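Here it is: the structure, laid out below.
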Amino acid sequence: MRRAIKHKKHVKSSPNWQWGSFWTFITCIVMPLVLVFGVEYIQRGSLNETWIWFVQNPKLVAMNAILDLFVLLLIYVLAGNLIFSVALALLLLCTMSFVSYFKVKLIGEPFFPWDIFLNKESMNILPLVANKSALLRIGTMLGVVLMLIILSFKLPKLRLRIGGTRVVIGVLAAAALYSFGVNAPLASQFMDKMGANEIVWNQSENYGNNGMALAFTMNVKNAIVPKPSGYDDPSMASLAQSLMQNQAGVQTASAKVSADQAVQPNVIFIMNEAFWDPTLLPGVEFSQDPLPTVHRLQQESTSGYLLSPQFGGGTSNVEYEVLTGQSMSFLPAGSIPYQQYISRPIPSLAGYFEEQGYKSMAIHSYEGWFWNRENVYKQMGFESFMSKDQFQNPQYKGDFISDDEVANSIIQQVDNTKQPNFIYAVTMQNHGPYDDNRYGTNEIQAEGSLTPDAKNTLETYTQGVYDADASLQKLIDHFTETGQPTVIVFYGDHLPMLGYDYDVYAQTGFIQSSKSEQWSLDDLRRMHSVPFVTWSNIDLPKEQKPVLSNSFLGAYMLNQMGMELPATLAYNEELSRKMPAMLRNLVVDADQNMYRAVPDNLKDDVNKYQLMQYDTLFGKQYLAKSMDSPYLQPSVMPNYNQEFAEQPPKDVDDSLSASGDESP
């Protein structure tokens, strides 16, 4: 027995065990620093910028290394082989960094914790990054990972033996990551000492200052929307009374629908993909006006600019604001309500118009599963959703169904429905990127101080908006000819992504910097302002709106049409007169003054707006209990999408078909 015990002691103190412990210790010290440098180099895209950040921020570097160490230890506990665990940690962290790098390049937003849940949607960016430079970088990373995996079979395993030590290390690593993610008190104090400074309102700057691992971890807690201060039953009952008094006091537009126009008009909202006015680019001339219809309507009817919460992507967030009247400003940066929050019936324009006797229908010329629309539209009270699968032999322009085909579908639906229609249409033709020469020869040429690649990108995009403008004119011509009472609201969801790093915008001087964290308030407003125009063949007021949040558009148009507003939308209309537009980091007041945050004189009004939104989206629906309002008691339509479930899609009338490329 003594010999056996002595033998065990001898094994434990053997040179191989000592060297293994030594190399394990060195690897756990050095590799997190290497991972931090590699991740930041990928994220920033510049060796010089990475080195400067690395040298000037030793505490933040150490904080990122500590987080990477916990990730490595957790993988080590699960895999048991140190070199193999390093390979997996490298693959995981560098993949996250690549995703963040390309996401910033494309739409100006880094990789967030909730992006993990985007499932099929994330595959949509693959064509955007499948260029030679991107593939070379990704290939290099995969090559290093493969080399480490091979070495893990050749070199000593440096295994972590199964037992109490392994369990303890795993629990401690998981607990530490959890504590930092949820911002537990001790973790928060430690991060403060290490110099962490979360910049929620500017996530590009947040990741740039703090480093990716730290910024990503600090964002974990933002996946849960906290209850606003003052949210309880008595407070919401008091707010309900205030809302009802406000509803009675809100005056509708001076020119209401007259008695001879008492028939309910069709109401058609068209959110055109990436629609914007390229003639706003300074120093750029076009061979012809790419937007003759929109420019005419800007002079003849109610029009202006919408302040979009998005740039270059995130279309569903704009839909969310318009359809619900709620604001993305109260939700975590980069979040997707369609994916994350909407799982029960929610008040929307679709449900409102159904209550008024309309047929509410959504039309989108892309996959129904994208952004979870097929489920969300059901929760919003739409009666029908026509997605790509319901288009019969549609014509394509480039890779997507043409805008003209969407116009045909709108016409067909209105003509074949006895009820008045509320249609929310979302197009797809002009989706980026725009460096694919999708139209062959473009009808409109651009001249200005642009590189050949930038010129080609701009001309391809401009051809798309030219087609969008023509599809709008087609609808106007049809309803002018038929005389069916109709109101059309036409706008874009966000500005287009015209090259990496805002290339076309920076080259033309539309913005002063290609780095969004350096934008002035004027730059920020320009890069989030999309034109909207209206047309109607009924008598409506005509007004120019310099700026209006998407979340206020629904209430504004209902008021313009002389329709009675539910109490919450009446509050939106009232608030928009004091504060017409709001983003997370930009507020515009009634005098067109701009602020980085809500000014003191508007904070109480905005707090009420936030309480209303939280109550509807996450809370206990106190307002619905305190007010007798069908709008606040939404339900799913029992016949949702039955027309497409029971019947095959009908062919589009040949007389409505537009010329264009056939689907490959």
Side-chain angles (χ1 to χ4, degrees), residues 108-109 199-203 205 222 225-226 228-230 239 243 246 250 271 304-311 314-337 341 349 491-495 516 519-532 545-559 565 568-618:
E109 290 183 345
I199 310 170
V200 177
W201 58 91
N202 190 329
Q203 289 291 343
E205 187 176 349
N222 295 330
V225 180
S229 175
L239 177 57
L243 291 175
N246 176 75
V250 170
M271 191 169 76
Y305 287 88
L306 299 174
L307 197 63
S308 171
Q310 301 298 130
F311 172 84
T315 297
S316 69
N317 286 354
V318 182
E319 291 180 43
Y320 163 76
E321 286 205 338
V322 174
L323 286 167
T324 65
Q326 299 178 4
S327 175
M328 288 297 301
S329 300
F330 303 130
L331 300 175
S335 59
I336 310 291
Y341 308 132
L349 291 180
Y491 56 97
D493 50 353
H494 51 68
L495 272 72
S516 59
W519 288 351
S520 66
L521 288 174
D522 283 328
D523 288 332
L524 188 61
R525 179 170 173 171
R526 278 194 292 268
M527 293 298 281
H528 285 269
S529 293
V530 294
F532 85 94
K545 299 290 289 184
V547 64
L548 186 70
S549 277
N550 290 104
S551 57
F552 297 148
L553 178 62
Y556 175 74
M557 287 308 304
L558 293 181
N559 200 43
L565 276 69
T568 51
L569 291 184
Y571 185 83
N572 283 17
E573 174 64 10
E574 179 69 18
L575 180 59
S576 72
R577 299 176 187 179
K578 303 176 184 178
M579 183 194 70
M582 175 179 67
L583 299 179
R584 186 172 286 101
N585 52 354
L586 172 64
V587 174
V588 184
D589 69 14
D591 297 322
Q592 300 302 303
N593 298 313
M594 294 183 289
Y595 309 86
R596 291 281 182 189
V598 178
D600 291 341
N601 65 313
L602 291 173
K603 282 185 177 179
D604 287 344
D605 299 295
V606 173
N607 286 341
K608 291 178 182 178
Y609 187 27
Q610 183 177 12
L611 286 170
M612 288 162 45
Q613 176 167 325
Y614 183 87
D615 184 59
T616 300
L617 198 57
F618 306 107

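Being a predicted model, the structure only gives us computed values, none of them experimental.
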**Report entry** Asn593: side chain to side chain contact (heavy atoms under 4.5 Å, CB included) partners, not counting sequence neighbours
**Finding:**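 Side chain to side chain contact (heavy atoms under 4.5 Å, CB included) list for Asn593, sorted by chain: Asp589, Asp591, Tyr595.
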Requested in this report: Specify the closest pair of heavy atoms between Pro580 and Ala590, including all atoms of both residues, with the distance to one decimal.
Outcome: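 Heavy atoms only, the tightest pair is CD-N, 3.7 Å.
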Query - Check: Gln310 side chain, Val318 main-chain N or O, donor-acceptor pair, under 3.5 Å - result: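 Such a contact is absent between Gln310 side chain and Val318 backbone.
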Report task. Using a strict cut-off of less than 4.0 Å between a Lys/Arg side-chain nitrogen and an Asp/Glu carboxylate oxygen, indicate whether Lys603 and Asp600 qualify as a salt bridge. Result ->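 Salt bridge present between Lys603 and Asp600.
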Query raised in the report: So, does Tyr571 use its side chain to make a donor-acceptor pair with the main chain of Asp605 at under 3.5 Å?
Result: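 It does hold such a pair.
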Query raised in the report: Hey, is Asp523 close enough to Arg526 for a salt bridge, meaning N to O under 4.0 Å?
Result: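 Answer for the salt bridge query: yes.
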Query raised in the report: Measuring from Met582:CE to Phe330:CZ, what's the distance to the nearest 0.5 Å?
Result: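 The CE atom of Met582 sits 4.0 Å away from the CZ atom of Phe330.
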Query raised in the report: Which distance, rounded to the nearest 0.5 Å, do you find between the CE of Met527 and the CZ of Phe311?
Result: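 Result: 4.0 Å between the selected atoms.
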Report task. Begin from the C-alpha positions of Glu321 and Leu553 and carry the test side-chain contact (heavy atoms from CB on, under 4.5 Å) through to its verdict. Result -> CA-CA 9 Å; Glu321 286 205 338; Leu553 178 62; over 6 Å; no
**Report entry** Listed partners of Pro332 passing side chain to side chain contact (heavy atoms under 4.5 Å, CB included), at least two apart
**Finding:**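 Side chain to side chain contact (heavy atoms under 4.5 Å, CB included) list for Pro332, sorted by chain: Trp114, Asn222, Val225, Ser335, Tyr341.
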Query raised in the report: If you measure from CH2 on Trp519 to CG on Leu586, what distance do you get to the nearest 0.5 Å?
Result: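 Between Trp519 CH2 and Leu586 CG, I get 11.5 Å after rounding to 0.5 Å.
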Query - Side-chain (Arg584) to main-chain (Pro309) donor-acceptor, under 3.5 angstrom - result: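 Not a single qualifying donor-acceptor pair exists.
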Query raised in the report: In Å and rounded to the nearest 0.5 Å, what is the CG to CG distance from Asn550 to Leu307?
Result: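 Those atoms lie 7.5 Å apart.
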Report task. Please report the C-alpha distance between Lys545 and Phe532 in whole Å, then the side-chain angles of each, then the deciding distance to 0.1 Å, and finally whether the side-chain contact (heavy atoms from CB on, under 4.5 Å) criterion is met. Result -> CA-CA 9 Å; Lys545 299 290 289 184; Phe532 85 94; 4.2 Å; yes
Query - From Asn246 atom CG to Glu573 atom CD, the distance as rounded to the nearest 0.5 Å - result: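 Interatomic distance, Asn246 CG to Glu573 CD, rounded to 0.5 Å: 10.0 Å.
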Query raised in the report: Counting distance only, does the side-chain N/O of Asn572 pair as donor-acceptor with the main-chain N or O of Ala555 below 3.5 Å?
Result: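 Pair absent, no side-chain N/O of Asn572 close to backbone of Ala555.
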Requested in this report: Output the distance between atom NZ (Lys578) and atom CG (Asn601), rounded to the nearest 0.5 Å.
Outcome: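 Answer for the NZ-CG pair, Lys578 versus Asn601, is 9.5 Å.
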**Report entry** Partners passing ring pair (Phe, Tyr, Trp, His ring centres under 6.0 Å) against Phe552 (at least two apart in sequence or in another chain)
**Finding:**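 Listed in chain order: Tyr609.
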